[in-house]
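The next block holds one structure in the form of structure tokens; read it before the comments.
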Amino acid sequence: MRQTRKRKKSRSSVLVTALLLAVIGAGFLGIRLYEQRIEAEQAALHADEPYQNQQIEINYDGVDYRLRDDLDTYLFIGIDKFTEDLPQEQYYRNFQQCDFLFLMIVDHSNKSYCALHINRDTMAEIRQLGLNGQTVGTEIGQLALSHTYGSGGKDSCRNTVWSVSRFLYDVPIEHYVSITMDGVPVLNDTVGGVVVHISDDFSTVDPTMETGKDVRLSGNQALLYVRSRMAVGDGTNLSRMRRQREYIQALYQQMDQRMQTDSHFGYRLANALADYVVSDLTTDEMSKAADTLRDYRFTTIYSIEGEASYDSIFVEFYPVETALQQQVIKLFFERIE
């Protein structure tokens, strides 16, 4: 597993830095969201549901915007451990990192949904938890590390939600779903296998996944396709993210076909994944969400423009600040006429 690193800062210095960056780069964007979020965040710090903002209005580049109230957001978190590796007792530090961060945004007004694929190496603010689970400070580190604070269960998911929301200028994230790596083959096989075009060299991990061929992935092949990095292609996380997006798009097509012909497929899929998933949603709620999406149109998968910094061990990803701001405005806000 690739190592990650973090840069520690005190709570006060992190907040001051964040506010300064917001003033310089985004006008009122970061400040306005921060001010309106802080009270709700404190009230919901240990609640089972992530905090939600209401009635947020901002001014960006001389234009007034309001946060849309017709969106639902779901953060999907792929954990780089298997179910058997999960901790069996409550404590507030673990070794589970996020291999995959995928924010699905459901637009009920337009009956459509899209997704934002977030680089796990993104340098962002993450919360530190003390021995009793309370927040004791923050630090700057890869988003992958946000899940390592907590027991590895819902508290770790909430910590990840907080960091991703913070990174996206505190836009609300209502729900989360984490899945361990051994759930990927189950997901893949439940939908009947996913067809992808093999564009990278997988010869060292599975010679049957031939470069240049279309392959219907089965079981462990799906796991290799979305998880392998160092021994595949150029070995970068950016290439792995490209494969993950390709897999998700093909998976969506396969799931859509199954849901169109089988009204109970969403419920069966949720049950099949129950042992591998941690979520604030019940199985019935997941099934209802899947039924809703059956009638909605999937649009696209967005990614965040930025640059990766490499050395011999560590990788850090830094987004282009103006591009990130514009992405947040586009996905979550509407112009006030």
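These values consider heavy atoms only, across backbone and side chains, with no hydrogens, waters or symmetry-generated copies. Predicted model, so just to flag it, every value in this text is computed and none were measured. The residues of the chain are indexed from 1 along the displayed sequence.
Side-chain contact annotation: S239 with D234, donor-acceptor N/O pair under 3.5 Å present. Inspection of the S309 and E316 side chains reveals no N or O donor paired with an N or O acceptor under 3.5 Å. A side-chain donor from one of S199 and R242 sits under 3.5 Å from a side-chain acceptor of the other. In the model, T208 has a side-chain atom that pairs as donor or acceptor with a side-chain atom of D206 under 3.5 Å. Neither side chain, N271 nor R268, offers a donor N or O lying under 3.5 Å from an acceptor on the other. Side chains of D72 and H108: a donor-acceptor N/O pair is present below 3.5 angstrom, by distance only.
Paired with H147 under the rule side-chain contact (heavy atoms from CB on, under 4.5 Å), one option of D155, L101, I79 passes, and it is I79. C98 pairs with exactly one of I118, T148, I77 by the side-chain contact (heavy atoms from CB on, under 4.5 Å) rule, that one being I77.
Ion pairing of R158 with D280 is absent here, as no side-chain N (NZ or NE/NH1/NH2) approaches a carboxylate O to less than 4.0 Å. A salt bridge links D200 to R243: at least one charged side-chain nitrogen sits closer than 4.0 Å to a carboxylate oxygen. Using a 4.0 Å cut-off between a side-chain N of Lys or Arg and a carboxylate O of Asp or Glu, R120 and D99 qualify as a salt bridge.
Taking the six-membered ring for Trp and thresholds of 30 and 60 degrees, Y252 and F298 have ring planes inclined between 30 and 60 degrees apart.
In this structure, the side chains of L331 and Q327 come closer than 4.5 Å at one or more pairs of heavy atoms. Contact of the W162 side chain with the E125 side chain is registered, since non-hydrogen atoms from C-beta on lie closer than 4.5 Å. Residues L75 and T160 meet the side-chain proximity criterion, which asks for heavy atoms closer than 4.5 Å. At least one side-chain heavy atom of V196 sits under 4.5 Å from a side-chain heavy atom of Y225. For the pair D107 and Y296, the minimum side-chain heavy-atom distance is 4.5 Å or more. The closest side-chain heavy-atom distance from P172 to L67 is below 4.5 Å.
Summarising the local packing, CD of Q260 is surrounded by more than 12 heavy atoms from other residues, nucleotides or ligands at distances under 6.0 Å.
Distance check: K213 NZ to I198 CD1 gives 10.5 Å after rounding to the nearest 0.5 Å.
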